Amino acid sequence: MDLHVHTVLSACAELEMLPGPIVERARALGLAGIGVTDHNSAENVLAVSEAGRRAGVAVFAGLELQAKEEVHILAFFPGAGQALRFQEEVYRQLPAGQNDPRRFGHQLVVSADGELLRENTRFLQAPLAWPLRECAEAIHAHGGLAIAAHIDRPAYGLLGVLGVLPPGLFLDAVELSRHADPAEWTAREPALRQFTLISSSDAHRLAEIAAQTWFRVAEPTFEELKLALQGTAGREAHILAVERRHVQ
Amino acid sequence: MTVQQIVDALGLKVLSGDGLLERAVSGGYASDLLSYVMAKAQPGEVWVTLQAHPNVVAVASLTDVACVIITEGIQPDEVTLAKARQEGVILLGTNEDTFRTVARLAALGLEG
């Protein structure tokens, strides 16, 4: 599965990141599920979920939050309803002001068929008023899963920005970016051993969607994902070696 | 003082915006958190940071800073450079760190 995929709602994503093409690409790769994780918003989750139902690809309802420290954290919820309710709270943490599409890009809300419904005018590429700890607490208070995103990246990654894993930050998993070697990073940062590590694509274009983490689950559902990240009940998640990523 | 004079004095590498270096510089600001830059950097200032991703270009354009100095020898990727060229944002590079760079800008008479 690939838990970190952006749609046209993310200003930095390509215009080809529409529900149909995303799930078709996922299906062609043999992915059982994908996570929809737009910046500070879940407004395209329902559309991608509908497209996923048609294509037989599970879609996990998520957002990619930007904490006050300018570190990204993925949030997943049992369903689109919970994600959208959580989004209301996220919107209250956004700074005032509107997105400048000319400089940052357009933020498009679309239907499952890829029709333009509206443009989101909030400044979604901005940091929330919540620091990391409060992001994680809010996610958990809403019954969600919190995963620090692409922690190895110098821009917006937990280790890249803060340099250390903040003690006492409760995370359900930690994500490495597509080029990061888990062995190298756990050697560099031994505290990572306490976390379940996943790797996802952070796809902003179709060709970037990829199978980088293998999940042993009975079915691609939120409850099973939760078990896999906990590593309990025979469920598990592990990062595929680079040479195996295209044969899943 | 112009961007060109700063480039010459500090020996900076011009990463984008070669044709725009006669722009006047009024002062400076240094931060790696884009939210602070958006709130505090003034038009015409030089912004010193070690961040080098596409949103740096968006924020530089939004705040209308005179130029961005990217420190620590960090090289922006091609997406960032293309966006900078398109937006007319001057990106400059140095191998020195932010503290040293700001100290040298201050020695030239620039103020925060």
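In what follows, chains carry the letters A, B, and so on, assigned in the order in which the sequence lines appear, proteins first and then strands, with residues in each chain numbered from 1. Here the structure is a predicted model, which means the values were calculated and not measured.
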Whatever's closer than 4.5 Å to a heavy atom in chain B on A155(A) counts as both
To the nearest 0.5 Å, atom CZ of F104(A) lies from atom CG of L124(A) at 11.0 Å
Does any non-hydrogen side-chain atom of L176(A) lie less than 4.5 Å from one of I151(A)?
yes
So, the part of P154(A) with a heavy atom under 4.5 Å from chain B: the answer is backbone
One should read off an interatomic distance between T94(B) OG1 and L92(B) CG, to the nearest 0.5 angstrom, of 9.5 Å
When every non-hydrogen atom of F86(A) is compared with those of A75(A), the smallest separation belongs to CE2-CB, 4.4 Å
Honestly, the part of L50(B) sitting under 4.5 Å from a heavy atom of chain A is neither
Check whether any side-chain N or O of R100(B) sits under 3.5 Å from a backbone N or O of N95(B) as a donor-acceptor pair, and report yes or no. no
Chain B and chain A: which donor-acceptor pairs fall below 3.5 Å?
from: L34(B); atom 1: N; to: E70(A); atom 2: OE1; distance (Å): 2.7
from: L34(B); atom 1: N; to: E70(A); atom 2: OE2; distance (Å): 2.9
from: S35(B); atom 1: N; to: E70(A); atom 2: OE2; distance (Å): 2.6
from: S35(B); atom 1: OG; to: E70(A); atom 2: OE2; distance (Å): 2.8
from: N55(B); atom 1: ND2; to: Q125(A); atom 2: OE1; distance (Å): 3.3
from: N55(B); atom 1: ND2; to: Y156(A); atom 2: OH; distance (Å): 3.0
from: S61(B); atom 1: O; to: R103(A); atom 2: NE; distance (Å): 3.4
from: S61(B); atom 1: O; to: R103(A); atom 2: NH2; distance (Å): 3.4
from: S61(B); atom 1: OG; to: R103(A); atom 2: NE; distance (Å): 2.4
from: K83(B); atom 1: NZ; to: R103(A); atom 2: O; distance (Å): 2.6

Strictly distance-based, threshold 3.5 Å: is any side-chain N or O of R104(B) a donor or acceptor partner for the main-chain N or O of A9(B)?
yes
When rounded to the nearest 0.5 Å, the distance separating CG of L34(B) from CH2 of W47(B) is 5.0 Å
